[in-house]
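These numbers come from a predicted model, not from an experiment.
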Amino acid sequence: MKFFDAAMVETAMDYRGLVGALRDGFRSNVVTPVRHHHTISLPDQTDATMLLMPSWQDTKATGTSKGGYVGIKMVTVYPDNETRLQKPSILGTYLLLDAESGEIRALMDGPTLTVWRTACASALAADYLARSDSSSLAMIGTGALSSHLIRAHASVRPIKKVTIWGRNQEKASALADRLADLALDVTIANDRQKAVSEADIVSCATMSSTPLVEGAWLKPGAHLDLVGAYRPDMRESDDEAVAKSRVYVDTLAGATKEGGDITQPLATGVLALDDIRGDLFGLCRDKCSARWGAEEVTLFKSVGTALEDLAAAKYVYEKLGQG
């Protein structure tokens, strides 16, 4: 059994390479049960969440289990960790198994795998949905995902300007510092509306329970990337943003049950199931249309899928060597 810590996973990763691996994953035959989602009640802090995300390659399609993989990720989300313990809110581990024998091939750092695959899934969607000439990006949120989202989007689109908005100015400044190696014009915004209204791509990664992006702010041709708000009671966009956009999701099964940016509009009738134009399976397999025109506003909602974890874990394992 191999052990890949956070530093080793980082070493293996490459944004363009992982976007390609995810594209291949969504084109392949992978079994992805809806993830197990459990609430852990805590008397002295905000309730925690445990997620169990299994996935495996459908070896019936290839006729052999040799060379295939089975994987499972266990994630815990403790929202108060940062303020109470100065620790990350999201922690986890990934197990990669041999599909033929069930033996454990590798144990990997879960959070590092997660931020990379999440950011690259958004970039994969943007590669279909964002205008090809998108050069400006507004980043709403300053957490662990933000730097990866900026870098991932910049790997598929000619981003030149990045505007960062966050509730904590110190965190926004720290994020800007982490982007110093990129040839980008990075600024920190006090005016969220202005930042959103000027951006070709707006990416959100927060735990907000109220909308941070209003549809009235989105300019013609904008692409809205919603990554946070992972529970039905959370939300990053308002009804107008949903109503004026062509809506896409990572997976229909997950997004229509978990993320508030989709579940709430579905519940109120602002959005119908038929209004969701497609998911990453359809986009990657050319089974649904992507952007229609330069003035169209597109919206992508990500809640995550075990397929992405399996594709990323396979990418790391095979890149670092199996010997």
> What closest approach, in Å, do Asn81 and Ser89 show between heavy atoms, and which atom pair accounts for it?
Replying inline: CB-CA, 4.0 Å
> Are Phe300 and Ile276 co-members of a hydrophobic cluster defined by side-chain heavy atoms under 4.5 Å apart?
Replying inline: no
>> Please check: side-chain N/O of Arg277 versus main-chain N/O of Cys288, any donor-acceptor pairing under 3.5 Å?
In response: no
> Going by an N to O cut-off under 4.0 Å, is there a salt bridge joining Asp44 and Arg84?
Replying inline: yes
> Checking Ser302 side chain against Val227 main chain: does a donor-acceptor pair fall under 3.5 Å?
Replying inline: no
>> In the structure I gave you, are the side-chain heavy atoms of Val316 and Met13 within less than 4.5 Å of one another anywhere?
In response: yes
> What is the minimum heavy-atom distance between Asp225 and Ser203, and which atoms define it?
Replying inline: OD2-OG, 2.8 Å
> Looking at Arg105, Glu100, Glu318, which one forms a side chain to side chain donor-acceptor pair (under 3.5 Å) with Tyr69?
Replying inline: Glu318
> What orientation do Phe4 and Tyr317 show, parallel under 30°, tilted 30 to 60°, or perpendicular over 60°?
Replying inline: tilted
> Got Leu266 and Ile262 here, is their nearest side-chain heavy-atom distance under 4.5 Å?
Replying inline: yes
> Does any N or O in the side chain of Arg291 come within less than 3.5 Å of the main-chain N or O of Gly293, such that one atom is a donor and the other an acceptor?
Replying inline: yes
> Counting only N and O atoms by type, is there a donor-acceptor contact under 3.5 Å from the side chain of Arg27 to the main-chain atoms of Cys284?
Replying inline: yes
>> Salt bridge check, Asp185 against Lys161: does any charged N sit closer than 4.0 Å to a carboxylate O?
In response: no
> Which word best sums up how the rings of His148 and Tyr15 line up, parallel for under 30°, tilted for 30 to 60°, or perpendicular for over 60°?
Replying inline: tilted
>> Strictly distance-based, threshold 3.5 Å: is any side-chain N or O of Asp238 a donor or acceptor partner for the main-chain N or O of Gly215?
In response: yes
> Less than 4.5 Å apart, any side-chain heavy atom of Thr251 and any of Thr32?
Replying inline: no
> Do Leu179 and Arg151 come close enough that some side-chain heavy atom pair is under 4.5 Å?
Replying inline: yes
> Does a salt bridge link Asp200 with Arg157, judged by any charged N lying under 4.0 Å from a carboxylate O?
Replying inline: no
> When rounded to the nearest 0.5 angstrom, what distance separates CD1 in Ile164 from CE in Met139?
Replying inline: 8.5 Å
> Between Glu295 and Arg131, is any pair of side-chain heavy atoms under 4.5 Å apart?
Replying inline: yes
>> Just verifying a value: how many Å separate His223 NE2 and Leu137 CG, rounded to the nearest 0.5 Å?
In response: 9.5 Å
> At their closest point, which heavy atom of Glu236 faces which heavy atom of Ala229, and how far apart are they?
Replying inline: CG-CB, 3.8 Å
> Please walk me through it: do Thr83 and Asp80 pass side chain to side chain donor-acceptor pair (under 3.5 Å)?
Replying inline: CA-CA 6 Å; Thr83 55; Asp80 296 345; 4.9 Å; no
> What's the verdict on salt bridge (charged side-chain N to carboxylate O under 4.0 Å, His left out) for Asp309 and Lys314, showing C-alpha distance, side-chain angles and the deciding distance?
Replying inline: CA-CA 8 Å; Asp309 295 307; Lys314 176 185 174 184; over 6 Å; no
> Is there a side chain to side chain donor-acceptor pair (under 3.5 Å) between Tyr128 and Arg23 once you walk through the steps?
Replying inline: CA-CA 11 Å; Tyr128 292 98; Arg23 198 189 314 269; 2.9 Å; yes
>> Looking at every heavy atom in both Ala199 and Ser136, which two are closest together, and how far apart are they?
In response: CA-OG, 3.5 Å
>> If we ignore hydrogens and angles and just use 3.5 Å, is the side chain of Ser197 paired with the main-chain N or O of Gln193 as donor and acceptor?
In response: yes
>> Are Leu218 and Val213 packed together at the side-chain level, in the sense that at least one heavy-atom pair is separated by less than 4.5 angstrom?
In response: yes
> Rounded to the nearest 0.5 Å, how far does CH2 of Trp56 lie from CG of Leu97?
Replying inline: 11.0 Å
>> Any non-hydrogen side-chain atom of Ile188 less than 4.5 Å from a side-chain atom of Gln169?
In response: yes
>> Minimum heavy-atom separation for Tyr248 and Ser289, please, with both atom names.
In response: OH-O, 2.9 Å
> Can you tell me how far the CG atom of Leu18 sits from the CH2 atom of Trp116, to the nearest 0.5 Å?
Replying inline: 7.5 Å
>> Once rounded to the nearest 0.5 Å, what's the spacing between atom CG of Leu96 and atom CE of Met1?
In response: 11.5 Å
>> For Val270 versus Asp275, what's the shortest heavy-atom pair and its separation?
In response: O-OD2, 4.5 Å
> Is Ser245 reaching over with its side chain to a backbone N or O of Val242, donor-acceptor style, under 3.5 angstrom?
Replying inline: no
> Checking Ser28 side chain against Val30 main chain: does a donor-acceptor pair fall under 3.5 Å?
Replying inline: no
> With a 3.5 Å cut-off and no angle check, do the side chains of Thr305 and Asp250 form a donor-acceptor pair?
Replying inline: no
>> Are the side chains of Val77 and Met207 in contact, using a 4.5 Å heavy-atom criterion?
In response: yes
>> Between Asp14 and Lys319, does any side-chain N to carboxylate O distance fall below 4.0 Å?
In response: no
> Can any side-chain N or O of Thr93 pair as donor or acceptor with the backbone N or O of Met74 at less than 3.5 Å?
Replying inline: no
> Quick one: do Glu82 and Lys171 make a salt bridge, cutoff under 4.0 Å?
Replying inline: yes
>> For a side-chain contact (heavy atoms from CB on, under 4.5 Å) check, start with the C-alpha distance between Arg192 and Trp217, then their side-chain angles and the critical distance, and finish with the verdict.
In response: CA-CA 10 Å; Arg192 178 163 31 98; Trp217 302 348; 3.6 Å; yes
> At what distance, to the nearest 0.5 angstrom, does SG of Cys204 lie from CD1 of Ile140?
Replying inline: 5.5 Å
>> If you apply the rule salt bridge (charged side-chain N to carboxylate O under 4.0 Å, His left out), what do you find for Lys73 with Glu308, and how did you get there?
In response: CA-CA 11 Å; Lys73 184 171 72 173; Glu308 296 164 1; over 6 Å; no
> After noting the C-alpha distance and the side-chain angles of Thr39 and Asp47, does the key distance pass the side chain to side chain donor-acceptor pair (under 3.5 Å) rule?
Replying inline: CA-CA 7 Å; Thr39 298; Asp47 287 352; over 6 Å; no
> Is the backbone N or O of Gly141 less than 3.5 Å from a side-chain atom of Ser146, with the two atoms forming a donor-acceptor pair by type?
Replying inline: yes
